[in-house]
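Below: one structure, written as structure tokens.
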Number of protein chains: 2
Amino acid sequence: MKIDPDNKADLSAQIAKAIRDAIVSGDMIVDQRLPSEAELADQFAVSRSTVREALKRLAAQSLIRTQRGAFGGAFVNRLSYEEAYGDQITTATLLLSMNAISFDVACEARYALERACTTLSAERRTADILATMRAEIHRQGQPGLSDESFCASDVAFHRALVDGAGNPVLSYQLAGAVEAMQPLMNMITFTARSREAIVGLHTRIADALEAHAPEAAQEALHELEAYTLHLGQDVMAARNKDRAAG
Amino acid sequence: MKIDPDNKADLSAQIAKAIRDAIVSGDMIVDQRLPSEAELADQFAVSRSTVREALKRLAAQSLIRTQRGAFGGAFVNRLSYEEAYGDQITTATLLLSMNAISFDVACEARYALERACTTLSAERRTADILATMRAEIHRQGQPGLSDESFCASDVAFHRALVDGAGNPVLSYQLAGAVEAMQPLMNMITFTARSREAIVGLHTRIADALEAHAPEAAQEALHELEAYTLHLGQDVMAARNKDRAAG
DNA sequence: GCAAAGAAAATGTCAGACAATTAAATGTAT
DNA sequence: ATACATTTAATTGTCTGACATTTTCTTTGC
């Protein structure tokens with residue numbers, strides 16, 4: 001492992017960077033064991049606490065995992081899609097909420113990305129994906145469903161649409177865009193009529209995928225985008241009025 | 001802040017989660033100061049070291065920043081797109097390299113996502129974006145350019161295409177997909193003839209964006225995808241042969 | 001009034017200790 | 001010999017207390 005020059009950044013950050021670079025560059029491979037904390041402290045000529053802080057940084061990024069006990073230690077972690085999803089979603093959600101992204105911009109991004117999947121999804125969708133979509137559509141039609149549950153089901157439907165493309169890289173990249181919309185969608189009050197409209201469009205999309213008809217799916221998705229934007233603009237107008245008043 | 005029940009996960013992980021939840025839920029807002037390490041240690045009834053490890057975890061996710069000195073401390077960080085880009089790219093790159101994603105799958109994802117941007121980009125591209133694209137095209141035509149530099153320029157061109165859509169959410173989401181391809185592309189040896197073909201397609205894309213012609217841009221992008229896939233398959237075939245032999 | 005010196009508060013680092021956990025090595029009884 | 005219990009060693013997790021460093025505010029001296 002590399003040494004640290006005498007710059008004045010935090011030692012634990014420097015050490016974390018050195019180890020991270022070794023992992024990213026492929027210098028350390030998956031499941032390889034790092035030296036013990038005591039050994040690392042020796043190598044870098046710092047205390048064990050400092051090494052531990054560096055390791056916690058790496059653990060927070062899922063780059064390593066630790067095991068206690070004899071023959072335990074820190075190991076290079078295989079980054080799984082499941083783990084990466086979670087971080088993706090958290091980060092995307094925070095980006096939207098902290099940077100005052102407008103509903104329009106978020107909506108545009110989400111549907112642009114979903115359009116990218118739809119053609120592939122129409123080609124490859126499995127029976128499993130279709131079943132998920134149908135189940136969510138059914139749930140969305142239930143009377144007495146809360147707005148929040150309706151939104152959650154909406155997200156599940158869209159994720160199925162994305163997953164239908166059968167490309168894990170796409171699914172990963174889009175998880176953030178799809179899920180980060182949920183807090184914004186949650187501000188919408190879904191009337192019975194708007195739910196009916198959405199369920200109708202979802203059904204058209206599912207039908208199109210089932211029939212392997214990409215054009216029909218794109219068309220329905222396009223209408224859904226316009227409708228979602230319409231619903232969102234009402235909300236944003238109300239919110240802006242609130243902000244101006246408060 | 002919430003308390004920790006007596007479960008057996010690491011205390012520092014539990015504390016990090018409690019603070020993270022407070023930030024993500026909006027319970028703590030941007031630039032708000034956290035209690036000092038000593039106060040947190042009191043509140044959670046743990047030692048200062050444990051609190052520090054928790055804070056380092058959050059710092060690794062860019063959720064907080066710390067300042068030394070009087071009136072310093074830990075503050076909730078505004079997550080910027082610039083910071084998030086870096087993490088996105090690192091994670092996407094690792095996902096691809098650690099999970100043996102095939103060139104085909106990565107390529108498909110990348111171009112599907114870029115297609116999603118191209119229509120918007122044809123509509124909105126600024127003179128600035130066009131200038132960047134032209135400059136990269138020019139660089140790509142220079143004789144004596146190393147394969148690695150050619151790849152880097154290729155990535156820059158594609159990022160300009162994405163940024164041209166003028167949607168920061170899209171730019172963020174696609175940064176990973178575009179950049180993570182670079183290591184895979186770097187394995188390709190670009191002959192003079194293949195460079196010429198790519199430069200030609202890049203020029204067609206730039207021309208189409210300049211003319212606000214989305215269909216022409218899509219067509220050129222489609223050809224570029226097919227060509228890239230063709231180049232990549234040769235490489236992957238060679239690599240698989242190597243692996244079988246080694 | 002202003003500059004220098006000091007005080008105060010906070011993070012960064014260190015050293016040493018002990019607790020908890022885990023796998024291997026060892027011992028023991030059937 | 002095998003199955004089971006015990007010991008042992010290695011390693012991470014946590015605590016305590018100390019000191020160094022950095023930064024801002026306050027005081028002092030001119």
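Just so it is clear, the model here is predicted, and its values are computed rather than measured. Throughout, protein chains are lettered first and strands after them, A, B, ... in sequence-line order, and every chain is numbered starting at 1.
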(request) Side-chain contact test, heavy atoms from C-beta onward, threshold under 4.5 Å: evaluate it for A/Tyr85 versus A/Glu179 and give yes or no. (result)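 Contact flag for A/Tyr85/A/Glu179 side chains = no.
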(message) Is the shortest side-chain heavy-atom distance between A/Thr126 and A/Ile129 below 4.5 Å?
(response)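 The answer is yes; the side chains approach within 4.5 Å.
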(message) Going by the rule salt bridge (Lys or Arg N to Asp or Glu O under 4.0 Å), which residues pair with A/Asp147 if we only count those two or more places apart in sequence or in a different chain?
(response)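 Here the qualifying residues are A/Arg195.
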Let me know the distance between [atom1] of [X] and [atom2] of [N], rounded to the nearest Å.
{"X": "B/Leu55", "N": "C/dT11", "atom1": "CG", "atom2": "C1'", "value": "10 Å"}
{"X": "B/Phe44", "N": "D/dT14", "atom1": "CZ", "atom2": "C1'", "value": "16 Å"}
{"X": "B/Asp42", "N": "C/dA9", "atom1": "CG", "atom2": "C1'", "value": "16 Å"}
{"X": "A/Gln67", "N": "D/dA9", "atom1": "CD", "atom2": "C1'", "value": "17 Å"}
{"X": "A/Phe71", "N": "D/dT8", "atom1": "CZ", "atom2": "P", "value": "17 Å"}
{"X": "A/Ile64", "N": "D/dT11", "atom1": "CD1", "atom2": "P", "value": "15 Å"}

In terms of side-chain geometry, is the basic nitrogen of [X] or [Y] positioned less than 4.0 Å from the acidic oxygen of its partner?
{"X": "B/Asp10", "Y": "B/Lys17", "value": "no"}
{"X": "B/Glu114", "Y": "B/Arg110", "value": "yes"}
{"X": "B/Arg68", "Y": "B/Glu37", "value": "no"}
{"X": "A/Asp154", "Y": "A/Arg159", "value": "no"}

(message) Quick check against the 3.5 Å criterion: does A/Ser149 have a side-chain atom that pairs as donor or acceptor with the backbone of A/Leu145?
(response)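 No, because the side chain of A/Ser149 does not come within donor-acceptor range (under 3.5 Å) of the backbone of A/Leu145.
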(request) Scan B/Arg65 against the nucleic acid and name what it touches under 4.0 Å (heavy atoms): base, sugar-phosphate only, or nothing. (result)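 It contacts nothing in the nucleic acid.
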(message) Please pick, from C/dA23, D/dG13, D/dT11, the nucleotide with the shortest atom-to-atom distance to any side-chain atom of A/Lys56.
(response)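 Of the options given, the side chain of A/Lys56 lies nearest D/dG13.
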(message) Within 45 degrees of the ring normal and closer than 6.0 Å to the centroid, is that where the cationic atom of B/Arg139 sits relative to B/Phe157?
(response)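 Because its charged atom misses either the 6.0 Å distance or the 45° angle limit, B/Arg139 does not stack over B/Phe157.
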(message) Taking the axis from the first five pairs and the axis from the last five, what angle separates them in the helix from C/dG1-D/dC30 to C/dT30-D/dA1, rounded to 10 degrees?
(response)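 Axis angle across the helix from C/dG1-D/dC30 to C/dT30-D/dA1, nearest 10°: 10°.
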(request) Report, as a single string ordered 5' to 3', how protein heavy atoms within less than 4.0 Å touch nucleotides 13-19 of chain C: B base, S sugar-phosphate only, - not at all. (result) BB--B--
(request) Between A/Gly69 and B/Gly69, just flag the one whose closest nucleotide in DNA chain C comes earlier from the 5' side. (result)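 Nearest-nucleotide comparison on DNA chain C picks B/Gly69.
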